[in-house]
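Both ligands and their constituent atoms are indexed starting at 1 by order of listing.
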Amino acid sequence: MKQPVRIAVTGAAGNISYSLLFKIAAGEMLGTDQPVILQLVEIPQAMDKLRGVAMELEDCSFPLVHGITLHDNPFDGFKGIHYAMLVGARPRSKGMERADLLEANAAIFSEQGKALNDVANRDVKALVIGNPANTNCLILSRNAPDLDPSQFCAMTRLDHNRSLGILGNKLGVNPSDIDGVTVWGNHSPTMYPDLHNATALGESVIDQIDESWYKTEFTPRIQKRGAEIIEWRGLSSAASAAQAGLDHMRDWALGSEGKIVSMGIISDGSYGVAKGIYYSFPCICEFGSYQIVKDLEVNEYGQSMMKKTEQELLEEKAAVDHLLPADTAESRENLRTSTDGQTQFDNGVDAASAYYKADRIC
Ligand code: NAX
């Protein structure tokens, strides 16, 4: 039996987590041979609701769940964790400007970055799902000076999966028969879903679709799919977001089997993208780490689309720049490439502490 891994989920009493937690507990993320300890984090006002969710998890009797702990702050909740699924974020309330939203989330993700830095496993992998995901991820990473910026990702996998699903439907193929789709940039309506290097059953996709369908129907549909779901369902995407979070973390940890996946990662300047922002690139994952696929052709249209979404991220960064610790700026721009990235289990946590006990709910 493998040693259990510790997974923190923030916003654990919310909608996305209500799907995500049960999938993780069933072994869909890290495999059905990987026991897990779930460290659930919420704001103090949501702790009762969180207890109810934890009771339901307990009632499922998942054999892989070796413990569930509930926390109202990240410094407790992130102790010794190997994986962080950061779902909780401040939603935009009525009358709130974008800058206010960025600032409200900056407070949350600064604190969570510090907590990861102080108490998480040194090899932790953190995925930001809460919006604005890319800039939240930047804030998180900049507040964790002792962790590598490549240990942080923003989720654009839902946009990637949406592209595969809608394209598969159009071409009459299974989404798993498609490869080479990239969603570039920000998880926002400026994202660029690029099909120019995509293949379906080994045949070029771009040769099989109409350019005007691609540019005027497919692209805006992917960019605004979240709003379309809200319009029909009356609620925002939850199960599909949970599935995407799970897919992202599974591929990052266990490998993408040679397939290209879109991940919001620290830009190292590839494809001319400004260094130091979290931008979605085409990646292949292997041995617990990702690599940017470097040699894809980007045409003039693609370049202008990539610039637009980069510009938006630079503007978001400018809006929160005064809140970012200056001393982590350079290390996020002068990156080294690591060749390994396997999660180690030497997490320095005192095995006698309460966090190591496999109590079901404590
Ligand atoms: P909910 O409002 O249902 O749940 C959010 C939960 O987070 C709440 O229970 C809240 O109490 C908690 N929370 C807030 N601040 C927290 C903090 N500081 N620490 C811990 N918990 C905290 O939202 P849900 O539908 O689950 O969506 C969560 C986030 O995902 C939102 O920011 C949403 O915009 C974002 N999304 C991101 C997507 C992506 O592709 N990156 C797609 C889906 C989704 O829109």
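The ring of H248 has its center no closer than 6.0 angstrom to the ring center of Y290. For Y83 and F78, the gap between ring centers reaches or exceeds 6.0 Å.
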Output, in order, the C-alpha distance, side-chain angles, deciding distance and verdict of side-chain contact (heavy atoms from CB on, under 4.5 Å) for Y279 and I266.
CA-CA 6 Å; Y279 187 97; I266 186 84; over 6 Å; no

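E310 and K307 are joined by a salt bridge, as a carboxylate oxygen and a charged side-chain nitrogen come within less than 4.0 angstrom of each other. We find that R250 and D247 are joined by a salt bridge, their nearest charged nitrogen and carboxylate oxygen being less than 4.0 Å apart. Using a 4.0 Å cut-off between charged nitrogen and carboxylate oxygen, K23 and E28 count as a salt-bridge pair. At a threshold of 4.0 Å, the pair R157-D251 counts as salt-bridged, since one of the basic side-chain nitrogens sits closer than that to a carboxylate oxygen. Salt-bridge formation is detected for the pair K294/D268: a Lys NZ or Arg NE/NH1/NH2 atom is positioned less than 4.0 Å from an Asp or Glu carboxylate oxygen.
Within a 6.0 Å radius of CZ in F22, more than 12 heavy atoms belonging to other residues, nucleotides or ligands are found.
The nearest protein atom to atom 16 (C) of ligand 1, hydrogens excluded, is given as I43 CG2, 3.4 Å; this is a heavy-atom distance. Here the protein heavy atom with the shortest distance to atom 27 (O) of ligand 1 is I16 CD1, 3.4 Å. What sits closest to atom 14 (C) of ligand 1 on the protein, heavy atoms only, is A89 O, 3.6 Å. Among all protein heavy atoms, the one lying closest to atom 32 (O) of ligand 1 is N131 N, 3.0 Å. Remark: minimum distance from atom 23 (O) of ligand 1 to any protein heavy atom is reached at N15 N, 4.5 Å. Summary of contacts: the protein heavy atom closest to atom 11 (O) of ligand 1 is E42 OE1, 2.7 Å. In this structure, atom 5 (C) of ligand 1 lies nearest to the protein heavy atom G14 CA, 4.3 Å. Of the protein's non-hydrogen atoms, the one nearest atom 28 (C) of ligand 1 is V87 O, 3.4 Å.
The distance criterion of under 3.5 Å between nitrogen or oxygen atoms is met by I129 with respect to ligand 1. Ligand 1 has no nitrogen or oxygen under 3.5 angstrom from a nitrogen or oxygen of I108. For ligand 1, the polar-atom distance check against H187 finds a nitrogen or oxygen pair separated by under 3.5 Å. Considering backbone and side-chain atoms together, D159 places no N or O closer than 3.5 Å to any N or O of ligand 1. Polar contact with ligand 1: absent for R90 (N/O pair, distance under 3.5 Å).
Inspection of the D177 and N174 side chains reveals no N or O donor paired with an N or O acceptor under 3.5 Å. Q223 and Y192 form no side-chain donor-acceptor contact under 3.5 Å, judged by distance and modelled atom types alone.
Close approach of ligand 1 to G88 is summarised as follows: ligand atoms under 4.0 Å from at least one heavy atom of the residue are 7 (O), 13 (N), 22 (C). Which parts of ligand 1 touch Q112 is read off a 4.0 Å heavy-atom cut-off, strictly below it: atoms 19 (N). Atoms of ligand 1 found under 4.0 Å from any heavy atom of G11 (numbered from 1 in listed order, with element): 6 (C), 7 (O), 12 (C), 20 (C), 21 (N).
Residue-ligand proximity: M155 is placed with a non-hydrogen atom under 4.0 Å from ligand 1.
Checking T10, N161, L158 against atom 42 (C) of ligand 1, the nearest heavy atom belongs to L158.
Only the side chain of A241 comes within 4.0 Å of ligand 1, counting heavy atoms alone; its backbone N, CA, C and O stay farther away. Residue contacts with ligand 1 for Q45 are absent, since no atom lies close enough (heavy atoms, distance under 4.0 Å).
Put simply, atom 2 (O) of ligand 1 has no protein non-hydrogen atoms near it, under 4.0 Å away.
Y301 carries K215 over the face of its six-membered ring, with the cationic atom under 6.0 Å from the centre and within 45° of the normal.
Between W213 and F218, the two ring planes are tilted [angle within 30° to 60°].
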